[in-house]
Participant: 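I'd like to ask you about the structure that follows.
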Amino acid sequence: MSRILTVGAAQLGPIQRADGRARVVARMVELIRQAKSHGCDVVAFPELALTTFFPRWFMEDQAEIDSFFERAMPGPETRALFEAASEARIGFQLGFAERTEQGGRIRRFNTAILVDRDGRIAGRYRKIHLPGHAEHEPWRAFQHLEKRYFEVGDLGWGVWRTMGANMGMAICNDRRWPETYRVMGLQDVEMVFIGYNTPRHNPPAPDHDRLSEFHNQLVMQAGAYQNATWIVGIAKCGVEEGCEMIGNSSIIAPTGQVVAQALTQDDELVVARCDLDVGLSYKRSTFNFARHREPQAYRLIVERKGAEPPQET
Ligand code: CDT
C-alpha cells in the first residue's frame with residue numbers, strides 16, 4: 001500500500017518593500033485556498049516569505065532592520081495564515097526572519113517552521129549556511145548581507161515525524177551543500193522543504209549567472225537521489241526592487257526526477273501527489289546507509305573547514 005502526501009509548493013512572485021505583511025499574507029491565503037481545492041495535505045512557502053529580500057540593502061538603523069523581523073509566530077499579521085491553514089486542515093512550511101530573546105540577549109535568525117494541520121508548530125530550523133558578506137560592499141550592484149543580519153542557526157537539521165511523514169527543512173544556500181541533505185538522510189528523512197531567494201546575478205562571480213537555474217536543479221535533484229527523499233524547492237522570484245530572482249520551484253522525487261515545476265515567476269501553486277514509499281527501494285539497495293557508508297573514511301569532512309592542497313612530493 002502506498003503512502004500518498006499531496007504537496008503544494010507555493011511559489012511567491014516579487015514582494016516590494018512597500019508591500020505590507022497583510023497584503024503578502026492575503027496572497028498566501030489565496031494559495032492555501034488553491035491548495036485546498038487540489039486536495040493538498042501540506043503547502044510550502046519560500047525563504048523570508050513575508051517581506052522583500054531585505055539583505056540586498058545595507059542598513060545601520062536597528063529599528064529599520066527589525067521592521068523586517070517577526071517577534072512572535074504567529075503574530076498579529078500572520079495569525080490569519082495559521083487560521084486559514086488549520087481551517088483547511090492543511091499543514092504548512094514558512095520561512096521568515098526571526099527575532100527572539102534568549103538568556104536576555106536578542107538573537108536574529110533566518111528561520112523556517114513546520115506547522116501541522118492543527119496549526120501547531122511541529123518543527124523549527126534556523127539557516128546554517130549564510131551566504132554573502134557582513135560589511136557594506138558598494139561595488140556590488142546590490143548587497144547580500146545575510147552574514148550581517150543573521151546569526152548562524154543553532155538548531156542543526158532536525159527531522160520531525162509529522163503529518164504522516166519524516167519531514168525536514170533547509171533554507172536556500174543550504175541546498176548547495178551535500179552535508180545539509182546527508183544530516184537529514186541519516187534521520188531517515190522522507191521530505192525536505194527548501195525555500196529560496198536566489199538573485200540571478202551573483203556580483204562576485206557573474207560568469208555563474210547564466211547557469212543559475214541549472215545549478216538550482218543540479219543540487220536539489222542530487223540531494224533527493226543521494227538521500228532517497230522528496231525535495232520541495234520553493235522560490236520567491238521575479239523582479240523585486242529591480243533585482244531579478246530565479247523561479248523554477250520544483251517537486252523532486254527520491255529518484256532524482258522533477259515531478260512538477262513552476263512555469264511563471266509569480267505566485268503559483270505547484271502540486272504533486274508524493275508517494276512517500278518511492279524512496280524505499282533506494283534506501284534498501286544503493287543507498288542502504290547502514291550497509292554501505294564508511295564514516296571512518298569521512299572524518300576530514302568535520303575536522304577540516306577549508307580546502308588545503310597536498311604538499312608537493
Ligand atoms: N538566500 C540565499 O541564500 N541566496 C543565495 C545566493 C547566493 S549568492 C550570495 C543562494 O545560494 O541562492
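For ligands, and for the atoms within them, numbers begin at 1 and follow the listed sequence.
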Participant: Could you tell me if the side chain of Met245 sits less than 4.5 Å from the side chain of Tyr196, heavy atoms only?
Facilitator: no

Participant: For ligand 1, would you mind listing the residues that have at least one heavy atom less than 4.0 Å away, ordered by chain and number?
Facilitator: Glu47, Phe53, Lys127, Pro131, His144, Glu146, Cys172, Asn173, Arg175, Arg176, Asn197, Thr198, Asn202

Participant: Under the ring pair (Phe, Tyr, Trp, His ring centres under 6.0 Å) definition, can you give me all pairs with a residue in residues 89-118, not counting sequence neighbours?
Facilitator: Phe82-Phe92

Participant: Under the side-chain hydrogen bond (donor to acceptor under 3.5 Å, both in side chains) rule, collect the residues that match up with Gln102, sequence neighbours excluded.
Facilitator: Arg107

Participant: Tell me yes or no: between the side chains of Thr52 and Glu240, is some donor less than 3.5 Å from an acceptor?
Facilitator: yes

Participant: Decide, yes or no, whether a salt bridge links Arg182 with Glu179 under the criterion of side-chain N to carboxylate O below 4.0 Å.
Facilitator: no

Participant: Can you pull the side chain to side chain donor-acceptor pair (under 3.5 Å) pairs that have at least one residue in residues 292-304, sequence neighbours excluded?
Facilitator: Glu294-Gln296, Arg299-Glu303

